[in-house]
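Structure first, then comments.
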Amino acid sequence: MTQTQEVRVRYAPSPTGDPHVGNIRTALFNWLYARHTGGKFILRIEDTDQLREAQGALSAILQSLRWLGLQWDEGPEVGGPYAPYIQSERLPLYQEAARRLVAQGHAYTCYCTPEELEAMRKMQQQRREPPRYERRCRDAAYREKKAKEGGPSVIRFRTPLEGDAIVVHDLVRNGVSFDPATLDDFVLLKSAGFPTYHLANVVDDHFMHITHVLRAEEWLPSTPRHLMLYRALGYNVPKFGHLPMILGPDRSKLSKRHGATALLDYRAQGFLPEAMVNFLALLGWSLDDKTEVLSQEELVRHFSIERISKAAAIFNIEKLTWMNGVYIRKMGPEALAAQLATALTHHAQEKGITLAAPITQDALRPITPLVQERLHTMQPQEVWDLCGFFLTPLPAYGDAPFRKSPLAPQARRAALEETVVALESLEDFSATALEGALRPLAERLGLKTRDLFMLIRIAVTGTDVAPPLFETMAVLGKERTLERLRYAIRLAG
RNA sequence: GCCGGCAUCGUCUAGAGGCCUAGGACGCCACCCUUUCAAGGUGGAGACCAGGGGUUCGAAUCCCCUUGCCGGUACCA
């Protein structure tokens, strides 16, 4: 091995759909390791399965990474010294490697058809044998006979029938050994000339000088095959680290069945990328026994393979939601106002809501301090529920919300009328001035402050859950506040 | 079935032989703050460290077995 060579890691998704959170967590760990070590983070697209390829998947992958701020140093759209970074554009490389393996006796051509293989497997299952390729074409005579018949063929690796255990020196779980006798003659090159994952991944990691392969645990069982390939091809072997899986709430491998698992769905649900990164980093990695909130810079500084855990983790959306709230509370007023503007505009348009004025960042700035610690996500509905009444001409309410008031209808009307009188004469409409006027009013009316304030809150906001009353009224302004109070009086009868 | 991995509160985790009558966080429950809701503060419930054998003066931590869960077993990645 060379002395301290630069770390080169890669994230190698296949474009079969929107990357889910487990997948992206793998990308994040690779990125963190690259940044931590000052190495390179490479993005490679493994599109060797023509059947499973999904429209728009590549763009979803790029978007997911960009949203989280995981910039790749080499890969699609940025290029790099080992381009192209899309496997379907590197076919000759794999074909050449396969040819070489055949020439050197490490691989052979197989003419068995999918139907034959299927039949074989059925038989094996009936005989309660492990299903695997029976190596018919490994026999030269049989193979040559089949070759004369023509038809499509694949190239299979000639796995040694016996030999010493193959041990994977895994960075997160130490030595894992496999008996080569349990391995079959797996396919390297498919009949259409495309490589399988096994071949492509080894060839590319070699040519792209990948030093560390950090991938999901589901790959651990096929690592011995890769090791054999490295050996047969005469390549240097990178270090391997198999990351714990992320499971759905039912403890099975994360899939579409588990609801929102695509990373970009979380964006749509109002989660912040900073929170997502922090949360994902803690799924399978920890700094110590206390620290939960870490910025991206801190994660980069502290990340280490040694502290990756071995056990699979369940994605816990409740904790994510809490963490998202933490990050919302950390935002500056400008950033928050901008986020609110986006969410609110989206919601108003979607629902066709009539606005009192256009939604602008400027207009939203005064209300940010009122809602910042009350938001858990930037989900449009949630944001609207909290600030919508600031933006509409009148809150959309009828009689219903007033039932939340403990006061009788008569008393409600009287109290609202008194409130209007008290506020009409108020010059200074600041929160403190309002409080100064309304507390004495409650006393004068013989009402509990909470009951009077609740009544006013409902009249002004249309709901019994809202930001602090006086601040809310101050932001709304005298005119709009009085308008709503008068409207409520009219409603009351 | 076979191969492999994993195993600490419901969940994410700390713990690398004595500091553990097992710590933190989310969630949950109470109380405080309080004009509602949050946020914040305080406290609480919650893990016989999967079970059983060893090793050791001493084990959540090391070894073995069992069990459970997960993954792999494709011309999918």
Side-chain angles (χ1 to χ4, degrees), chain A residues 12-16 46-49 51-52 110 112-114 117-118 121 124-125 127-133 152-156 168 170 173 176-179 181-184 186-192 194-198 200-201 215-224 242 244-245 247 249 251-253 279 282-293 306-307 309-323 325 329 370-376 386 404 435 438-439 442 448-458 461 463-470:
Chain A
S14 61
T16 55
E46 311 226 323
D47 58 341
T48 56
D49 186 350
L51 296 174
R52 292 206 314 153
C110 168
C112 296
T113 64
L117 294 172
E118 186 52 35
R121 269 193 286 274
Q124 288 167 329
Q125 265 161 29
R127 281 179 271 145
R128 315 251 260 84
E129 286 169 13
R132 59 173 128 148
Y133 181 58
S153 64
V154 301
I155 291 177
R156 285 181 185 274
V168 179
D170 194 273
R173 37 204 100 224
V176 181
S177 70
F178 296 84
D179 179 355
T182 63
L183 272 17
D184 65 354
F186 56 99
V187 173
L188 296 172
L189 204 64
K190 309 180 209 178
S191 58
F194 274 65
T196 59
Y197 170 85
H198 306 299
N201 135 275
R215 66 205 339 179
E217 190 192 342
E218 57 195 308
W219 293 110
L220 188 51
S222 47
T223 306
H242 288 91
M245 309 265 300
L247 273 22
R251 299 209 134 272
S252 73
K253 191 170 163 178
F279 178 75
L282 260 22
L283 237 40
W285 178 85
S286 63
L287 174 60
D288 55 29
D289 58 340
K290 306 228 139 66
T291 317
E292 303 272 1
V293 180
E306 295 71 49
R307 294 199 60 87
S309 61
K310 297 191 236 247
I314 292 173
F315 189 89
N316 179 205
I317 193 144
E318 249 116 52
K319 188 158 182 174
L320 204 214
T321 304
W322 162 77
M323 188 164 276
R329 276 170 249 133
L370 304 188
V371 300
Q372 185 155 29
E373 67 189 28
R374 286 166 233 281
L375 285 167
H376 296 104
L386 211 52
K404 299 273 177 56
E435 182 161 16
L438 294 175
R439 278 193 192 280
K448 285 188 201 158
T449 51
R450 59 187 298 124
D451 292 347
L452 203 225
F453 294 169
M454 178 53 87
L455 176 65
I456 299 173
R457 169 176 301 109
I458 296 169
T461 69
T463 163
D464 61 317
V465 176
L469 185 57
F470 311 123

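Every chain is numbered from 1 and lettered A, B, ... according to where its sequence line falls, protein lines coming before strand lines. Only this structure's heavy atoms are used, side chains among them; waters, hydrogens and symmetry mates stay out.
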Please determine, for the side chain of [X], which listed nucleotide ([options]) has the closest atom?
X        : options             : result
A:Phe178 : B:G4, B:U35, B:A77  : B:G4
A:Pro114 : B:A77, B:C26, B:C75 : B:C75
A:Ala313 : B:C26, B:U13, B:G23 : B:U13
A:Glu318 : B:G27, B:G4, B:C75  : B:G27
A:Glu218 : B:G5, B:C3, B:A77   : B:A77
A:Trp322 : B:G27, B:G24, B:U35 : B:G27
A:Leu220 : B:A74, B:C37, B:G4  : B:G4
A:Lys290 : B:U36, B:G24, B:C12 : B:G24

What integer distance in Å separates [X]:[atom1] from [N]:[atom2]?
X        : N     : atom1 : atom2 : answer
A:Lys310 : B:A14 : NZ    : P     : 11 Å
A:His242 : B:A77 : NE2   : P     : 16 Å
A:Leu469 : B:A38 : CG    : P     : 17 Å
A:Asp184 : B:G1  : CG    : P     : 20 Å
A:Leu287 : B:A14 : CG    : P     : 11 Å
A:Trp219 : B:A74 : CH2   : C1'   : 12 Å

OP1 or OP2 of [N] versus the side-chain N and O atoms of [X]: is any pair under 4.0 Å?
X        : N     : result
A:Thr463 : B:C37 : no
A:Thr48  : B:A77 : yes
A:Arg307 : B:G15 : yes
A:Arg52  : B:A77 : no
A:Arg329 : B:G40 : yes
A:Lys448 : B:U34 : no

Mapping A:Leu375 and A:Leu183 onto RNA chain B by nearest heavy atom, which one lands closer to the 5' end?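 It is A:Leu183 whose nearest nucleotide is closer to the 5' end.
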Between A:Val154 and A:Arg439, which has a closest nucleotide on RNA chain B that is more 5'?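 Closest to the 5' end, via its nearest nucleotide, is A:Arg439.
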May I ask you to say what [X] touches in the nucleic acid, namely base, sugar-phosphate or nothing, with a heavy-atom cut-off under 4.0 Å?
X        : answer
A:Ser177 : sugar-phosphate
A:Pro244 : nothing
A:Pro467 : base
A:Thr291 : nothing
A:His376 : sugar-phosphate
A:Asp288 : sugar-phosphate
A:Gly325 : nothing
A:Ala311 : sugar-phosphate
A:Glu46  : sugar-phosphate
A:Ser286 : sugar-phosphate
A:Phe470 : base

A:Trp219 vs A:His198 aromatic rings, parallel, tilted or perpendicular, using cut-offs 30° and 60°? perpendicular
For [N], give its Watson-Crick or G-U wobble partner with both distances under 3.5 Å, or none.
N     : result
B:C2  : B:G72
B:G58 : none
B:G46 : none

A:Arg173 and A:His242 side chains, donor-acceptor separation under 3.5 Å: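 The criterion, which ignores hydrogens and geometry beyond distance, is not satisfied for A:Arg173 and A:His242.
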Taking C-beta and beyond as the side chain, do A:Thr321 and A:Ile317 meet within less than 4.5 Å on heavy atoms?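 The answer is yes, as the side chains (C-beta and beyond) meet within the 4.5 Å cut-off.
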Residues in side-chain hydrogen bond (donor to acceptor under 3.5 Å, both in side chains) with A:Asp289, at least two apart?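 Counting only residues at least two positions away or on another chain, A:Asp289 forms no side-chain hydrogen bond (donor to acceptor under 3.5 Å, both in side chains).
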Quick test of your reading of the model: are A:Asp184 and A:Arg132 salt-bridged, counting only N-O distances below 4.0 Å?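 No.
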Lys/Arg-Asp/Glu bridge criterion (N-O < 4.0 Å) met for A:Lys310, A:Glu217: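 No, A:Lys310 and A:Glu217 are not salt-bridged.
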Would A:Tyr133 and A:Phe186 count as a ring pair (Phe, Tyr, Trp, His ring centres under 6.0 Å) here? Give the steps. CA-CA 8 Å; A:Tyr133 181 58; A:Phe186 56 99; over 10 Å; no
